[in-house]
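Inspection log for the structure reproduced underneath, given as structure tokens.
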Amino acid sequence: MIVEAAMDYIRELFKENADGHGFDHSLRVYRLAVHIAETEPDADKRIVSLAALLHDTDDYKLFLTENNANARYFMERHGVDPETADRVCEAVNAVSFSKNKGKQPETIEGRIVQDADRLDAIGAVGIARTFAFGGKHGRPPEDSIEHFYEKLLLLRDLMNTEEAKRMAETRHMFMEEFLQEWKAETSF
Ligand code: ADP
Ligand code: NI
């Protein structure tokens, strides 16, 4: 099955990434995206699955590829037809927060994977990822608190699908609770 092959491919691809976040994150995004897709009858599940699993394989922060080369290499080798490959890449390219400022992805598949990626940036997982990212860049926890106000607390209101909006609510409240407790403990 192509989905298992894609999992193997990204496990190998993100191996160099010492914290393993690339693989674990992509797997969570895949599960979230499949779950959201089940609530969106118009979504093509095959496109959603592949786009979720491959959404960070050409992330400029990790790879110096052009034109989704890693994702395309995988799909070509596994006999994915060019039209499907293009649709997967279109969804992948619509996900990025910084690259598409303010623009909603045009396809339902892109909107779903974007929601899944954003859900994985908030809640308990989002908190853990934020401090892991800061630590990796040599920053003390205090410095990473900024990131909640600059980005993470804004994500709830940027969700595209009804199911992601619903799921974001719990995760958002958990972050607010965390920040409140942080304030209480650090201003003691
Ligand atoms: P993705 O893996 O989905 O492409 P990013 O690479 O943008 O996500 O970020 C990885 C994780 O690090 C995310 O959880 C994100 O919120 C967090 N992060 C990104 N920028 C910062 C920052 N300046 N400070 C703290 N955390 C950050
Ligand atoms: Ni991601």
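In each ligand, atom 1 is the first atom listed, and ligand 1 is the first ligand listed. None of these values were measured; they are calculated from a predicted model.
- Residue Gln180 places its CD atom among 12 or fewer non-hydrogen atoms of other residues, nucleotides or ligands, all under 6.0 Å distant.
- Salt-bridge check for Arg11 with Asp8: passed, with a basic side-chain N closer than 4.0 Å to an acidic carboxylate O.
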Between ligand 1 and the protein, which N/O pairs fall short of 3.5 Å?
residue	atom	partner	partner atom	Å
ligand 1	2 (O)	His21	NE2	3.4
ligand 1	2 (O)	Asp56	OD2	3.1
ligand 1	2 (O)	Arg129	NH2	3.1
ligand 1	3 (O)	His25	NE2	3.0
ligand 1	3 (O)	Asp117	OD1	3.0
ligand 1	3 (O)	Asp117	OD2	3.4
ligand 1	4 (O)	Asp56	OD1	3.4
ligand 1	4 (O)	Asp59	OD2	3.3
ligand 1	6 (O)	Lys61	NZ	3.2
ligand 1	14 (O)	Arg129	NH1	3.4
ligand 1	16 (O)	His147	NE2	2.9
ligand 1	18 (N)	His147	NE2	3.3

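- Comment: Arg129 engages Asp120 in a salt bridge, judged by a side-chain N to carboxylate O separation of less than 4.0 angstrom.
- Evaluation of the salt bridge (Lys or Arg N to Asp or Glu O under 4.0 Å) rule for Arg46 yields no partner, not counting sequence neighbours.
- Remark: of the listed residues Leu32, Leu155, Val125, Leu32 is the sole one forming a side-chain contact (heavy atoms from CB on, under 4.5 Å) with Leu119.
- Counting only protein N, O or S atoms closer than 2.8 Å to the Ni ion (ligand 2) gives 4.
- Taking the six-membered ring for Trp and thresholds of 30 and 60 degrees, Trp182 and Phe131 have nearly parallel ring planes, at less than 30 degrees apart.
- Among Glu162, Glu169, Glu163, the single residue meeting the side chain to side chain donor-acceptor pair (under 3.5 Å) criterion with Arg166 is Glu163.
- For Arg139, the side chain to side chain donor-acceptor pair (under 3.5 Å) test picks out no residue, with sequence neighbours left out.
- Using bins of under 30°, 30° to 60° and over 60° for the plane-to-plane angle, the ring pair His147/Phe133 lands in the parallel bin.
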